[in-house]
Every structure is written in C-alpha cells, then in structure tokens.
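Okay, structure first, notes after.
Note that these values count all heavy atoms, side chains included, but never hydrogens, waters or copies made by symmetry. In this chain, numbering begins with 1 at the start of the sequence shown.
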Amino acid sequence: TLAAARKAAVEARIRAARGEDPADVPRQQHQELVDNSCNTFAKVRDDFLTKYRGRQNRHPAPRTLAEIKRVLTSELFNGWKDRPLVEVTRRNVLDVLDVLVDRGAEVMANRTLAYLSMLFAWALDRNIIKADPTDSIKKPGAETSRARVLSPLELRTIWLSTETGQGDLFEGIVKILILSGQRRNEVAGMRWSEINGEIWHLPGERTKNHLPHLVPLSAPVLAILAKRRNEQQALGLNVDLVFTSYNPDFKRYKHSATPRHFSGWSKSKSRLDERAMIESWTLHDLRRTMATLMAEKLQITPHIIEAIINHVSGTKAGVAGTYNRALYLDERKKTLNTWADYVLRIIHCEDADLLINQ
C-alpha cells in the first residue's frame, strides 16, 4: 500500500543516514519469517520442557514436569502444533481456557493458564516471541485452598484399614506418613543409606524445598522399618530402597537399570478408600492433620512443627529464616515421640465418644 511504501521509504532513509544498507531490511524480514516458521508451538514447547529452569535456577521436580508436559501436550493444543508461536494470540489462549471452564474443569483451566504463562515467558526471554499472549489474563476458574483436617476417629480408621495382612508396601508408607508428617514421595523413596540410627537424613535433592532435612524416627516408625528389613531379607532383596518389590535375581527384572520405589498410588489409595469409607481425603491431608493436631491437641509451638515438616514459612520465612538455622533436633525428637504416643492411643481406643476428646 501507499502507506506501507512511505513507511518503508522512511526506514530506508534512516538506515542510509546511519550508514547501513537499506536492502538489508527485506533480508532481515525474510529471516524473521523463516525463524518464526521454525519456532512452532510444538517445537518451542518441547524445547521448553527440556531446558526450562524455575526458582533458584533448578529444573522442576520430575512429578511437576510430568504434569506440565501432560497439560501442554493434551488434545486442546492439537491445532497449535504447527502454528508459529508468534501467531498464537490472546484469543487462542482464552478459547482453550473457555473449553476447560465449560467442562467444569476450573482448577485445570487455572493450571493450564499457569503452564502456558511459564512457556510464553520463557520464549519471550529467549527472543522467540515479542509479546506474551497470556499477559494480564486472570485465572478463569474458581479455586479454594484445601484445608481438610482428619478427625482422630478418621485417622484411626485409616490406620486400621491399611492392615490387610498381605504385607502391602502401601501399609508401611501410610503409617509412616501419619507418624512422620513428611511428603509422600519422600517416604516412598526412603533409602536404607539415609537412615542413621534413629535419624532419617533426607538429602536436599529429595525434598520439595531442596533443603536437607533431619527426621527423628519414633519407636513405631523404627518398628515398621525393622519389619520391612526382615521382609526384604526373607525375599532376598539386597537393595537400598525401603519400599520396593524389586528383586535383581528375578528374570523379569534383568533388563531394569535400577530398582524403583513404590509408585502405585492410585490403585492402592482406591483400595484403601473402599475399606476405610472416609469421604474426600488425600494422603497430603495426613501431613496437614499431624501439624494441626500437634498444635491443637498437644500444644506444640509453631516453629517446632515447621521444623518437623521442613516447611519454611511463618516464623522461619524471610529475614528471620535466613538467620534462624537452629535445628531443634532434641525438641523435634521429643515432639515426634509424643505424637506417636498420641496416635497409638487413638488406634487402641475403641470408644468413639472418647475419641472425640482425644
């Protein structure tokens, strides 16, 4: 058009005045088109999943990365695969989010927006795109923080429902989750080499906040571990993982590089739910329940509870957390022993009315 020709002429004069060749403009524009056509959504997404680093310049945890990949490779983005990333618009993003909201998957819509924002921010930082189409888009779905705290009666029911008499790995894991308050993957990935006497040394690469963590082990936990050790010896398992059924002598494992820790969460939790018949609870609720009951029933101070669950917030966040590096190991050991006594008292109490006041 005439307007475009005038604009190009002005740009050519400016480049000529700077001693640059005006003919470079079409070449640069052509190269930009080539680069854009190469940087499709699928290609940039795959590069992002391989190279992205988050807080403290760390790769996301494997479970988080798997979830991001699952969302960004879903059928919702089939029409985006071969599209240059620069051509993905705000309207395109909103259309995807609208599909999820219409399905009633409002939390998933929020997660999808978050992962798309991570992807486009990464691409923007690498000059693959010049604008982020997710910028200023508000969360499309309603979402509330989960605050489920199990009652002592529910805690007792879950404990007893794990006892199937079949030597299930899940039984020991759930009981240690109740007694220790640690995260499920930390417990499932427990190694014998991490246990020194009555202390479990969790390395930073296995904790959510990447900080090494010491967990004093109460007598019931040590009993569970002793039972597990005997089970492994009886089966001839000579492995470092505590919760694994891997046996290097079995022929079906001869091509396996390394043993794997327990991972059958969904099926095991479903079977436990059928036995316990407790409405709407998750394994993470066990951690929240321990922290809450410690405060409410045992009058444990917040900084000791946070030290036990390796949670940096409240009393240990910010500047205070930077300078307050006290381990409180003796206090944590005493508290976890007190908590174990409390749990066992609940387990052995058969009076429902008395349990309410425990």
Side-chain angles (χ1 to χ4, degrees), residues 61-67 69-70 107-108 146 148-192 194-195 200 202 206-208 215 217-218 220-237 239-248 250 252-253 256 258-291 309 339-340 343-344 346-347:
R63 185 180 174 194
T64 301
L65 189 61
E67 178 63 10
K69 181 177 181 180
R70 184 186 71 82
V107 173
M108 180 53 65
R146 187 172 177 83
R148 179 83 155 91
V149 175
L150 298 161
S151 70
L153 180 58
E154 289 175 322
L155 204 60
R156 178 180 185 271
T157 301
I158 291 169
W159 178 288
L160 295 177
S161 297
T162 65
E163 299 177 344
T164 62
Q166 299 175 357
D168 192 352
L169 293 177
F170 194 58
E171 175 184 342
I173 291 173
V174 172
K175 289 182 176 179
I176 292 179
L177 289 174
I178 291 173
L179 292 165
S180 72
Q182 305 311 303
R183 295 179 174 87
R184 73 174 200 176
N185 283 339
E186 294 168 353
V187 173
M190 181 185 285
R191 290 160 170 76
W192 295 114
E194 295 173 352
I195 300 170
W200 174 20
L202 258 170
R206 290 221 308 112
T207 62
K208 184 177 181 180
V215 184
L217 302 175
S218 61
V221 175
L222 292 172
I224 293 169
L225 294 177
K227 179 183 178 182
R228 182 66 195 137
R229 175 74 84 178
N230 291 335
E231 289 171 349
Q232 287 191 343
Q233 290 175 349
L235 292 170
L237 269 70
V239 292
D240 194 27
L241 287 167
V242 175
F243 295 105
T244 182
S245 57
Y246 174 92
N247 190 330
F250 290 172
R252 66 191 177 103
Y253 288 121
S256 300
T258 56
R260 295 181 180 181
H261 64 67
F262 175 87
S263 60
W265 299 107
S266 181
K267 291 182 179 179
S268 296
K269 175 63 164 53
S270 295
R271 288 194 292 265
L272 177 57
D273 285 340
E274 290 176 2
R275 297 190 296 270
M277 293 187 293
I278 293 175
E279 184 178 353
S280 183
W281 73 283
T282 69
L283 291 174
H284 191 76
D285 293 338
L286 299 174
R287 175 177 165 89
R288 185 185 304 105
T289 297
M290 187 193 80
I309 63 177
W339 169 251
V343 170
L344 293 181
I346 290 172
I347 303 309

Decide if atom CZ of Arg260 counts as having more than 12 heavy atoms of other residues, nucleotides or ligands within a radius under 6.0 Å.
no
Give the minimum heavy-atom separation between Met290 and Leu179, together with the two atoms involved.
SD-O, 4.2 Å
Side-chain heavy atoms of Met190 within contact of Trp200, under 4.5 Å:
yes
Can you find a pair of side-chain heavy atoms, one from Leu286 and one from Leu155, that are under 4.5 Å apart?
yes
Take Arg271 and Glu274 through the test salt bridge (Lys or Arg N to Asp or Glu O under 4.0 Å) and record every step on the way to the result.
CA-CA 5 Å; Arg271 288 194 292 265; Glu274 290 176 2; over 6 Å; no
Glu279 CD: over 12 foreign heavy atoms closer than 6.0 Å
no
Using a 3.5 Å distance criterion without hydrogens, assess whether the side chain of Glu163 forms a donor-acceptor pair with backbone atoms of Glu171.
no
Under 4.5 Å between any side-chain heavy atoms of Lys227 and Asn230, yes or no?
no
I'd like to know if the side chain of Trp339 and the backbone of Ala291 have a donor-acceptor N/O pair within less than 3.5 Å.
no
Just to verify, what does Asp240 make a salt bridge (charged side-chain N to carboxylate O under 4.0 Å, His left out) with, not counting sequence neighbours?
none
Validation row: Pro220, Leu344 side chains within 4.5 angstrom (heavy atoms)
yes
Measure from the side-chain N and O atoms of Asp285 to the backbone N and O of Thr282, and report whether any donor-acceptor pair falls under 3.5 Å.
yes
Work out which heavy atom in Leu150 is nearest to a heavy atom in Glu154; give both atom names and the distance.
CA-OE1, 3.3 Å
Not counting sequence neighbours, which residues clear ring-ring contact (aromatic ring centres under 6.0 Å, His included) with Phe243? List them please.
none
Side chain to side chain donor-acceptor pair (under 3.5 Å) partners of residues 177-190, not counting sequence neighbours, each pair once
Gln182-His213
Provide the closest heavy-atom pair for Ile309 versus Arg287 in the form atom of the first, atom of the second, distance.
O-NH2, 2.8 Å
Qualifying residues under salt bridge (charged side-chain N to carboxylate O under 4.0 Å, His left out), relative to Lys269, sequence neighbours excluded
Asp273
With distance as the sole test, does Arg148 use its side chain to make a donor-acceptor pair with the main-chain N or O of Trp281 at under 3.5 Å?
no
Of the non-hydrogen atoms in Gly264 and Ser268, which two are nearest, and what is the gap between them?
O-OG, 3.0 Å
With rounding to the nearest 0.5 Å, note down the distance linking NE2 in His261 to CD1 in Ile173.
9.0 Å
Rounding to 0.5 Å, atoms CD1 (Ile278) and OG1 (Thr157) come to a distance of 5.0 Å
Check salt bridge (charged side-chain N to carboxylate O under 4.0 Å, His left out) between Arg275 and all other residues, then give those that pass, not counting sequence neighbours.
none
Nearest atoms (heavy-atom pairs only) where Ile346 meets Pro152
CG2-O, 3.3 Å
Would you compute the distance between atom CZ of Arg228 and atom CD1 of Ile176 and round it to the nearest 0.5 angstrom?
10.5 Å
Check against side chain to side chain contact (heavy atoms under 4.5 Å, CB included), Thr162 and Asp168
CA-CA 8 Å; Thr162 65; Asp168 192 352; over 6 Å; no
Among residues at least two apart in sequence or on other chains, which ones pass salt bridge (charged side-chain N to carboxylate O under 4.0 Å, His left out) with Arg191?
none
d(Leu283 CG, Leu177 CG) to nearest 0.5 Å is 6.0 Å
How far apart are the closest heavy atoms of Trp192 and Leu241, and which atoms are they?
NE1-O, 3.7 Å
For Gly189, is there any backbone N or O sitting under 3.5 Å from a side-chain donor or acceptor partner on Arg206?
yes
